Novice: 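The following block contains the structure, expressed as structure tokens.
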Amino acid sequence: MMGERTVLQEPLFFGFSLERHVPADHLLRAIDRFVDLDGVRQHLAPFYSPIGRPSIDPELLIRMLLVGYCFGIRSERRLCEEVHLNLAYRWFCRLGLDAAVPDHSTFSKNRHGRFRESDLLRHLFETVVRRCMAEGLVGGEGFAVDASLIKADANRQRCVPGEEGLPAAAASRAIDEYLAVLDDAAFGAATPVTPKFISPADPASRWTGANKGLAFFAYSTNYLIDLDHAVIVDVEPSTALRQAEVTAAQTMIERVHERHDLRPNRLAADTAYGSAEMLEWLVHEQGIEPHIPVIDKSTREDGTFSRSDFTYDHAADVYRCPGGKVLQRNRRAFSAPRHDPPPDDTYRYRAGKADCDACELKPRCCPNTPARKVTRSIYEGARDFARAIAKTDAYVTSRRQRKKVEMLFAHLKRILKLDRLRLRGPCGARDEFLLAATAQNLRKLAKLIPPQTPAMA
């Protein structure tokens with residue numbers, strides 16, 4: 001029999017529990033176990049006035065931002081709508097059915113004010129890292145570092161030539177941040193080269209064609225991860241240049257040691273981090289084994305002997321050529337020994353002209369010069385150490401484990417939808433990268449640490 005439509009009548013009383021309507025296997029339930037915001041209010045206390053109307057609870061704003069970055073909700077307007085409609089989001093944010101959701105403008109007001117002044121997002125990220133360490137997910141023996149380009153919120157069609165600079169009348173918060181980082185080694189001071197184009201909307205972003213397609217404005221997000229479970233132990237924004245990414249790697253390694261007392265035994269990275277200066281810093285200043293390919297441009301392509309064909313005698317500080325002759329740094333004795341490093345950080349070892357003239361290997365060694373010359377960086381000891389590591393089985397393992405960083409970048413762009421920044425300026429990039437890395441670590445905790453089931457009586 002066909003039923004009749006029941007006329008809706010508003011009940012005088014009703015009972016509704018958000019707790020019962022959120023599935024037990026929902027991702028937010030697993031994440032909620034590791035969200036510790038007890039110290040947020042104390043951290044922000046100096047940045048609130050003791051008088052006036054009470055503000056929106058900062059814990060609510062942080063929980064809403066975590067929802068947005070965990071589920072790839074890129075717009076704060078849409079985030080407010082989703083939290084208003086989704087029961088699981090309301091449960092995670094501790095909002096009842098009749099509780100009002102904050103306006104989207106509240107996020108912008110707090111972000112540009114007390115959140116950045118107090119460095120709250122860095123504090124939140126490091127709190128989650130410490131939780132990962134407490135759960136045993138961070139071994140601290142092997143780290144990996146890498147960078148990935150993230151498009152900036154800048155239109156490539158509305159740019160100006162770099163030689164002309166910014167228009168005199170241009171003014172914005174992003175321009176103020178750009179001027180503030182001109183002397184920062186991770187941004188303006190990373191290279192003296194003037195960029196081809198500058199974006200008036202976000203001048204700190206860098207014009208790059210590194211993806212072998214259309215050039216675009218971008219920032220680099222730099223990850224330092226632990227190789228055991230790919231936990232992100234630090235994150236740092238930089239301009240989209242190799243020199244800036246190397247500087248960011250050094251900053252992260254030092255900060256992790258200072259904040260978490262972590263000093264890895266080895267660091268895995270790609271060739272971009274294999275410069276002589278970086279290897280010297282790792283080996284002799286930090287005591288870290290560089291599992292990194294060495295940047296070496298000494299191989300000749302004309303068929304003549306390369307530097308690798310010459311043997312270096314460390315005790316005598318000389319090179320020996322394939323013919324057995326000696327190449328010395330100084331062919332004559334000086335009254336006062338010279339110990340100062342050369343201006344270009346490169347020593348030059350030269351063979352005697354008489355030795356080269358009488359050598360039958362001269363056509364394969366120096367056919368166009370009177371005598372052979374071999375250069376050696378003042379950091380060559382660290383480079384040789386890295387080359388020796390590259391011949392070990394541990395190096396092969398590190399090269400395989402290093403790919404975990406690239407998997408995190410793929411997750412960042414495809415799952416969390418952070419392939420293009422929404423905020424502008426270096427501060428906006430730092431805020432987005434910190435929140436995204438926090439969300440990735442929370443998802444890692446939720447995946448690897450299953451909830452405890454109650455014991456049966």
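Excluded from the calculations below are hydrogen atoms, water molecules and symmetry mates; all remaining heavy atoms, backbone and side chain alike, are included. All figures in this text were calculated on a predicted structure; none of them were measured in a lab.
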Novice: Is the backbone of Gln243 close enough, under 3.5 Å, to the side chain of Thr247 for a donor and an acceptor to pair up by distance?
Specialist: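 Yes: the side chain of Thr247 pairs with the backbone of Gln243.
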
Novice: Decide whether Gln250 and Trp281 meet the rule of one side-chain donor and one side-chain acceptor closer than 3.5 Å.
Specialist: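 Judged by distance alone, the side chains do not pair up.
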
Novice: When you measure from the side chain of Lys196 to the backbone of Pro161, do you find a donor-acceptor pair of N or O atoms at a distance under 3.5 Å?
Specialist: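 It does not hold such a pair.
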
Novice: Answer yes or no: is there a donor N or O on one side and an acceptor on the other, between the side chain of Thr392 and the main chain of Ile389, under 3.5 Å?
Specialist: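 Yes: the side chain of Thr392 pairs with the backbone of Ile389.
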
Novice: Tyr273 versus Asp270: any side-chain heavy-atom pair under 4.5 Å?
Specialist: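 The answer is yes; the side chains approach within 4.5 Å.
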
Novice: Would you call Val235 and Thr438 a side-chain contact if the rule is heavy atoms closer than 4.5 Å?
Specialist: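 No; the side chains remain at least 4.5 Å from each other.
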
Novice: Measuring only between side-chain heavy atoms, which start at C-beta, is Tyr312 closer than 4.5 Å to Arg376?
Specialist: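 Of all side-chain heavy-atom pairs linking Arg376 with Tyr312, at least one is under 4.5 Å.
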
Novice: Could you check whether Arg63 makes a cation-pi contact with Phe92, meaning its NZ or CZ is under 6.0 Å from the centre of the six-membered ring and within 45° of the ring axis?
Specialist: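 That pair qualifies as a cation-pi contact.
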
Novice: Testing the 3.5 Å rule here: is there a donor-acceptor pair between the side chains of Arg90 and His84?
Specialist: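 Result is yes, a qualifying pair exists.
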
Novice: Under a 3.5 Å cutoff, is there a donor and acceptor pairing between the side chains of Tyr223 and Gln440?
Specialist: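 Yes, side-chain donor-acceptor contact under 3.5 Å.
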
Novice: Testing the basics here: between Gly96 and Leu18, what is the closest heavy-atom pair and its distance to 0.1 Å?
Specialist: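 Heavy atoms of Gly96 and Leu18 come nearest at CA-CD1, 4.3 Å.
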
Novice: Which distance, rounded to the nearest 0.5 Å, do you find between the CZ of Arg420 and the NZ of Lys151?
Specialist: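 Separation between the atoms: 7.0 Å.
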
Novice: Taking side chain to side chain contact (heavy atoms under 4.5 Å, CB included) as the test, write out the residues that go with Ala390, two or more places apart.
Specialist: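 So Ala390 forms a side chain to side chain contact (heavy atoms under 4.5 Å, CB included) with Tyr395.
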
Novice: Do we get Arg156 above Trp207's six-membered ring, with its NZ or CZ under 6.0 Å from the centre and within 45° of the axis?
Specialist: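 Not satisfied by the 6.0 Å and 45° rule.
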
Novice: Look only at the side chain of Arg263 and the backbone of Glu141, and say whether a donor-acceptor pair between them is shorter than 3.5 Å.
Specialist: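 No.
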
Novice: Using a strict threshold of under 4.0 Å (side-chain N to carboxylate O), is an ion pair present between Glu280 and Arg383?
Specialist: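 Salt bridge absent between Arg383 and Glu280.
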
Novice: Test Arg259 against Asp234 for salt bridge (charged side-chain N to carboxylate O under 4.0 Å, His left out), laying out the working first.
Specialist: CA-CA 10 Å; Arg259 304 282 179 87; Asp234 207 350; over 6 Å; no

Novice: CZ of Phe115 to CD1 of Ile62: how many Å apart, nearest 0.5 Å?
Specialist: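 Separation between the atoms: 4.5 Å.
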
Novice: Under the side chain to side chain donor-acceptor pair (under 3.5 Å) rule, what do Lys413 and Ser148 come out as? Steps first, then yes or no, please.
Specialist: CA-CA 10 Å; Lys413 297 178 180 181; Ser148 183; 2.8 Å; yes

Novice: Does some side-chain heavy atom of Thr271 sit less than 4.5 Å from a side-chain heavy atom of Ile292?
Specialist: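 No. Closest side-chain heavy atoms not under 4.5 Å.
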
Novice: Could you tell me which non-hydrogen atom of Val246 sits nearest to which non-hydrogen atom of Ala272, and how far apart they are?
Specialist: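 Answer, listing the atom of Val246 first, then Ala272: CG2-O, 3.7 Å.
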
Novice: Identify the heavy atoms of Pro426 and Phe187 that sit nearest to each other, and give their distance.
Specialist: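 In terms of heavy atoms, the two residues are closest at CB-CZ, 3.9 Å.
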
Novice: What pair of heavy atoms forms the shortest contact from Ala201 to Ala174, and how long is it?
Specialist: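 Scanning both residues completely, I find the closest heavy atoms to be O-CB, 3.4 Å.
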
Novice: Please report the interatomic distance CG(Leu27) to NZ(Lys447), rounded to the nearest 0.5 Å.
Specialist: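 Rounded to the nearest 0.5 Å, the CG-NZ separation comes out at 11.5 Å.
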
Novice: How long is the span from the CG atom in Leu87 to the CH2 atom in Trp91, to the nearest 0.5 Å?
Specialist: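 Output value for this atom pair is 12.5 Å.
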
Novice: Using the test side chain to side chain contact (heavy atoms under 4.5 Å, CB included), find all partners of Arg430 that sit at least two apart in sequence or belong to another chain.
Specialist: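 By the side chain to side chain contact (heavy atoms under 4.5 Å, CB included) rule, Arg430 matches Pro237, Cys427, Leu434.
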
Novice: Is the closest basic N to carboxylate O distance between Glu236 and Arg255 below 4.0 Å?
Specialist: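 Here Glu236 pairs with Arg255 in a salt bridge, since their nearest N and O are under 4.0 Å apart.
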
Novice: Taking side-chain contact (heavy atoms from CB on, under 4.5 Å) as the criterion, tell me which of Leu121, Val129, Val128 meets it with Phe125.
Specialist: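 Exactly one candidate clears the test, Val129.
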
Novice: Looking at every heavy atom in both Pro264 and Ile288, which two are closest together, and how far apart are they?
Specialist: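 Answer, listing the atom of Pro264 first, then Ile288: O-CG1, 3.5 Å.
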
Novice: Within a 6.0 Å radius of atom CG on Asp344, are there more than 12 heavy atoms belonging to other residues, nucleotides or ligands?
Specialist: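 Check passes, neighbour count above 12.
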
Novice: Set out, in order, the CA-CA distance, both residues' side-chain angles and the distance that settles salt bridge (charged side-chain N to carboxylate O under 4.0 Å, His left out) for Asp384 and Arg387, then state yes or no.
Specialist: CA-CA 5 Å; Asp384 289 341; Arg387 293 188 184 101; 2.7 Å; yes

Novice: Does the side chain of His43 reach to within under 4.5 Å of the side chain of Ser118, using non-hydrogen atoms?
Specialist: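 They are in side-chain contact.
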
Novice: Side chains of Asp202 and Tyr219: donor-acceptor distance under 3.5 Å anywhere?
Specialist: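 Side-chain D/A pair, Asp202 to Tyr219: present.
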
Novice: Could you verify whether a donor N or O on one side chain and an acceptor N or O on the other, from Ser238 and Glu245, lie under 3.5 Å apart?
Specialist: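 There is no such pair (donor and acceptor under 3.5 Å, judged by atom type) between the side chains of Ser238 and Glu245.
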
Novice: Measure the spacing between CD1 of Ile232 and CG of Asn441 and express it to the nearest 0.5 Å.
Specialist: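 If I round to the nearest 0.5 Å, the distance is 5.0 Å.
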
Novice: Taking NZ, NE, NH1 and NH2 as the nitrogens, is one of them in Asp57 or Arg41 under 4.0 Å from a carboxylate oxygen of the other?
Specialist: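 So Asp57 pairs with Arg41 through a salt bridge.
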
Novice: Between atom NE2 of His314 and atom CD of Glu380, what is the distance when rounded to the nearest 0.5 Å?
Specialist: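 Here the rounded value is 11.0 Å.
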
Novice: For Arg266 and His291, which I'm curious about, is there any donor-acceptor pair between the side chains at under 3.5 Å?
Specialist: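 Looking only at side-chain atoms, His291 and Arg266 do not form any donor-acceptor pair under 3.5 Å.
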
Novice: Would you say the ring centroid of Tyr89 lies under 6.0 angstrom from that of Phe71?
Specialist: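 Distance test on ring centres: under 6.0 Å, yes.
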
Novice: Strictly below 4.0 Å, N to O, side chains only: are Asp431 and Arg116 in salt-bridge contact?
Specialist: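 Result for this pair is yes, salt bridge flagged.
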
Novice: I'd like to know if the side chain of Asp32 reaches the main chain of Phe34, judged simply by a donor and an acceptor atom lying under 3.5 Å from each other, with no hydrogens or angles considered.
Specialist: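 No: the side chain of Asp32 does not pair with the backbone of Phe34.
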
